Structures are given as structure tokens and as C-alpha cells.
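The analysis underlying the following values was restricted to heavy atoms, covering all of them including side chains, and did not include hydrogens, waters or symmetry mates. In this text the structure is predicted, and so the values were computed from the model without any measurement. Throughout, protein chains are lettered first and strands after them, A, B, ... in sequence-line order, and every chain is numbered starting at 1.
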2 protein chains.
Amino acid sequence: MANAYHHGDLRQQAQHHALAVLHEHGDAALSLRALAKQLGVTTPALYRHFRNRDSLLAALATDGFQRLRQALLAVPGGHPRDILIGIGLAYIGFAQAHPNLYRLMFGGQRLPAGQHPELDAAGLAAFAVLEDATAAGQRSGYLGDTPLNTLTAAAWALVHGFAQLSIDGHLPPPEQAPHLARAISALLIDGTRAPAPTQNNNSNNL
Amino acid sequence: MANAYHHGDLRQQAQHHALAVLHEHGDAALSLRALAKQLGVTTPALYRHFRNRDSLLAALATDGFQRLRQALLAVPGGHPRDILIGIGLAYIGFAQAHPNLYRLMFGGQRLPAGQHPELDAAGLAAFAVLEDATAAGQRSGYLGDTPLNTLTAAAWALVHGFAQLSIDGHLPPPEQAPHLARAISALLIDGTRAPAPTQNNNSNNL
DNA sequence: GCGCAATGTTAACCCTGTTAACTTTGCCGG
DNA sequence: CCGGCAAAGTTAACAGGGTTAACATTGCGC
């Protein structure tokens, strides 16, 4: 259904090369004309596979969310604290490994919600991993009884903000401050952690 | 020195109109040609006042950082907890009030550090307010002995991430969840807060 | 084998940012 | 008071971008 007719499946090749350009030079450097030339094809040919330039970018971002989801799912199990910190580090690590892709995924305004259903679905699926981990941490009793929405928003905001600041050069680079990401993740954990029931008499945990 | 010659001070008028367009339609919609036409001037005239388009955007972003700094400085004094939460809310509120400006300020890659010294300085000045508040909270004994760099990074990451997610529609809008920003700020505070010495002496953190 | 739909091409339109060369304006020193 | 000089603006043009309409080609299914 989406396979080779004349030149081989152009859509997949275009997306592949576009991802390479995006990764190395950022989305602003991604030109349909240059891309078509690189693929040995005329520019309007791309319009048979993507409605417009934003549609191509949306496809790249969708793929990015799916890869982000896989990265988060790959975090090994264990103690809730380790899982939560592991997910935070995996999230931040993904952004640091693919800064331009991450910027596109959260570019805001460029790929508005509602216009690219697959993109929205992929984003939600990635978010769900984070939410599930938070919910599990809460079920296990490790996290306090803060509403799940609030917990998840705080966790997401922290890792997303850290990722964004890091890849934009507003924070010391990871090789210079290797423990920073872990430290800030731990800070939020210790804030959301329920007080130890043995030492403290507020035993109203659920 | 930068005043009226022919048309009145074009630079200031251009910046003013550009800010309006940015605020309403985002930076992608800001065209030098359209801007010049709106000002009753030809396009290259703008190049007498801005080296190029990015230079105009940098001027807008610089002004944004200065306004953000003022917003943070306007937070009233009081208990360290109230100051810290107040700054967080002011930061988030600024982003929500000027989403397109905020996106430009933290657009990443478009306005790379080092190319616009005034912009870098304004950004640092705004950041310094946040850092000072954190340091003051630590000096007062309200915050724990986490390294200041880590504390500030966590606070900045949280509010920046929340702001970004909020203005991109990834979180419930403020009128729908009015307490969310305060709640997540409090979460991080409670994590960074030093254990109360009177009630609890679990000084063995790991 | 014919036709149809998918795919790709050609030519063109309109919008960008940007620069070079030229013209106008107002101030400043002799 | 006036000549020149620098600032400010204009005209014309270039290069490149996304996008579309009209046309050509290919290959599969009836």
C-alpha cells in the first residue's frame, strides 16, 4: 500500500534522509527542494507522500515519540525510586542524544495538536509510560497521596524542562556535570515521597 | 543618537510592531517585508537598524528577558516558601501571558548563545533573580544543603518545563486547573526543604 | 490489452531574506 | 553661511523557499 512504484518507496527514503538532516542541522535547514535533489527526484514528487512540509516534520516527530517511548519502556524494573529516576534519566538522555529531534517534537505551535492525529497519539503513548510509572510508584506506597495528575505533571515538567535547558546550553553539559540530571530527579522524588511511616505518626497513607 | 532622521525612530517602531505580530501570530509569521509595509517604509530600510531578521528577533527576546526579570523581581517578600512559590508562579504566569514571546526567548538554536551579547546578558540577569531567591532560601535555613547549582537547576527546570508544556497545550489550561502550577512548585519545595529539626531528625539521607 | 490510479515531471506563482548601488536628508566644521 | 559627510531610505535585483496546476509515465488489475 505504501511501497515501491517507480523509484522505490520514496516516502521511507525521504523520511530517512530528512531525519538525518534534521539531526545534524536542525529543522530550519530541512528544505524540500534540497531533500528532493538529494533523492534524485523533483520537488513536487514529495507531495505525493506528504501533504506539505509540516506533514513531513510531523512524521519525523511521530517517529521520535515512538523511539522515546521505547527508550522509556527499556528502563529496567526494581525499586520504585530506581524506576522513577531511571525513567527521568532515560527521558533526559533521549533529548540529549537527539536534540534537534526533541526540539521538533516539542516545537510548539509549528505542529499544533489536532492537525496530525498520529503525532498526537504517539505523544500520548510516550507520556503514558511516564504516567504509568508514577501511578505504579504511588500504588506501591513509595510516593505520597498527591493527585496523580499533579505528580505526573511535576515529573514531566522537571525532566522536560531539564532536557530543554540542557540541549539549549543553559545548563552545564552532561560530561561536565554528570550527576546533575540524577540529582534533580532525586530532588523531586524526595519531595513526592511519602513520609516514612515508622518514624512519623501521620500514618494516613493509602 | 538613535532618534528621528526621516521617519521618526524607525527602530523603536519596528520593534514595537514586530512584538505585536509575534505576540499574536508567532515568530514564524513575522516577515520583514510585511513589517516594513506596515510601517510605510521599504524593506531594506530595516537593515539600517537590524543586521538581519534574527537580530530583530534577538532584540524582542532581550526585551522579553528584561520584562521577565521585572516580573520576578516584583514578587513580594515574606516567608522563604512564599517567595519561592511566588517566583515560580510569576515565571509560569509570564510564559502563559506571552507564550509566543516565551517560545522565542527559549527557542533554542535559532538565537544561539554568543551571537547576541545583549540577549545573553538579559537572560543571565533574569536567571540571576531565580538563583538569588534560591540562595536566600538556603541561607535562611529553609532549604536543605543541596549544592546551589543543583537546587537552581531543579527549580528552573521545573518552572521552565511546566511553562513550556502549559503553553504548548500539553497540560490542562490554567483556568481549568488553577492550582496546578502552585501544587507542582510546592512539590519541589517540599523536596528541597531541610527536614524540620524539631519534629524529625532523620538526617541520614542517601 | 485496456484503462485507471498511483507516481513523477515541468513550469509557474508568490513569498521570503538579503545585498549592491544610488538618492535624499540633516547636522557639523570651516 | 555653506560644503561635505555620514546617516537613513529607496530602487532593483538575486537566490532560495513552499506550493500548485497541468501534463507525462508507469504498472497493476480487470
- Task: Spell out, as yes or no, whether a donor-acceptor pair under 3.5 Å connects the side chain of N100(B) to the backbone of L22(B).
- Result: yes
- Item | Under 4.0 angstrom between T43(B) side-chain N/O and dG17(C) OP1 or OP2 | no
- Which whole-number value in Å describes the distance from R11(A) CZ to dG8(C) P? 13 Å
- Query: When we call it a touch if two heavy atoms are under 4.0 Å apart, what does L56(B) touch: a base, just sugar-phosphate, or nothing?
  - Reply: nothing
- Note on the structure: H25(B) NE2 to dT16(C) P, in whole Å, measures 14 Å
- Query: How about F106(A) and H170(B): are their ring centres within less than 6.0 Å of each other?
  - Reply: yes
- Query: Side chains of L68(B) and M105(B): closer than 4.5 Å at any heavy-atom pair?
  - Reply: yes
- Query: Between dG8(C) atom C1' and K37(A) atom NZ, what is the distance in whole Å?
  - Reply: 17 Å
- Looking at residues 47-55 of chain B, who's got a heavy atom less than 4.0 Å off DNA chain C? Y47(B), R48(B), N52(B), R53(B)
- Item | Minimal non-hydrogen separation, T150(B) against I184(A), with atom names | O-CG2, 3.8 Å
- Sorted by number, residues from residues 17-24 of chain A placing a heavy atom under 4.0 Å from DNA chain D are none
- Chi angles and distances behind the side chain to side chain contact (heavy atoms under 4.5 Å, CB included) call for H160(B), Y102(B): CA-CA 10 Å; H160(B) 172 64; Y102(B) 188 83; 2.5 Å; yes
- State whether the side chain of Q66(A) and the backbone N or O of A125(A) hold a donor-acceptor pair below 3.5 Å, judged by distance alone. no
- Query: Looking across every strand, which nucleic acid part, if any, lies under 4.0 Å from L35(A) by heavy atom: base, sugar-phosphate, or nothing?
  - Reply: nothing
- Item | Distance in angstrom units between L10(A) CG and dG27(D) C1', rounded | 17 Å
- Message: Can you tell me if S31(A) touches the phosphate of dG17(D), counting only side-chain N or O atoms and a distance under 4.0 Å to OP1 or OP2?
- Response: yes
- Note on the structure: Separation of dG17(C) atom C1' from D27(B) atom CG, nearest Å, is 14 Å
- Message: Using a strict threshold of under 4.0 Å (side-chain N to carboxylate O), is an ion pair present between R81(A) and D190(A)?
- Response: yes
- Whole Å only: how far is the CG atom of L46(A) from the P atom of dT10(C)? 14 Å
- Query: Where the side chain of R33(A) is concerned, which of dA12(C), dT11(D), dG8(C) is the nearest nucleotide?
  - Reply: dA12(C)
- Message: I'd like to know whether H98(A) forms a side chain to side chain contact (heavy atoms under 4.5 Å, CB included) with F94(A), so could you lay out the CA-CA distance, the side-chain angles of the two residues, the decisive distance to 0.1 Å, and finally the verdict.
- Response: CA-CA 6 Å; H98(A) 317 286; F94(A) 177 89; 3.5 Å; yes
- Item | P44(A) side-chain proximity, nearest of dA12(C), dG9(D), dA21(D) | dA21(D)
- Message: Can you tell me how far apart CZ (F162(A)) and CD1 (I92(A)) are? Round to the nearest 0.5 Å.
- Response: 5.0 Å
- Task: Take atom CG of L39(A) and atom C1' of dT7(C), then tell me their distance rounded to the nearest Å.
- Result: 15 Å
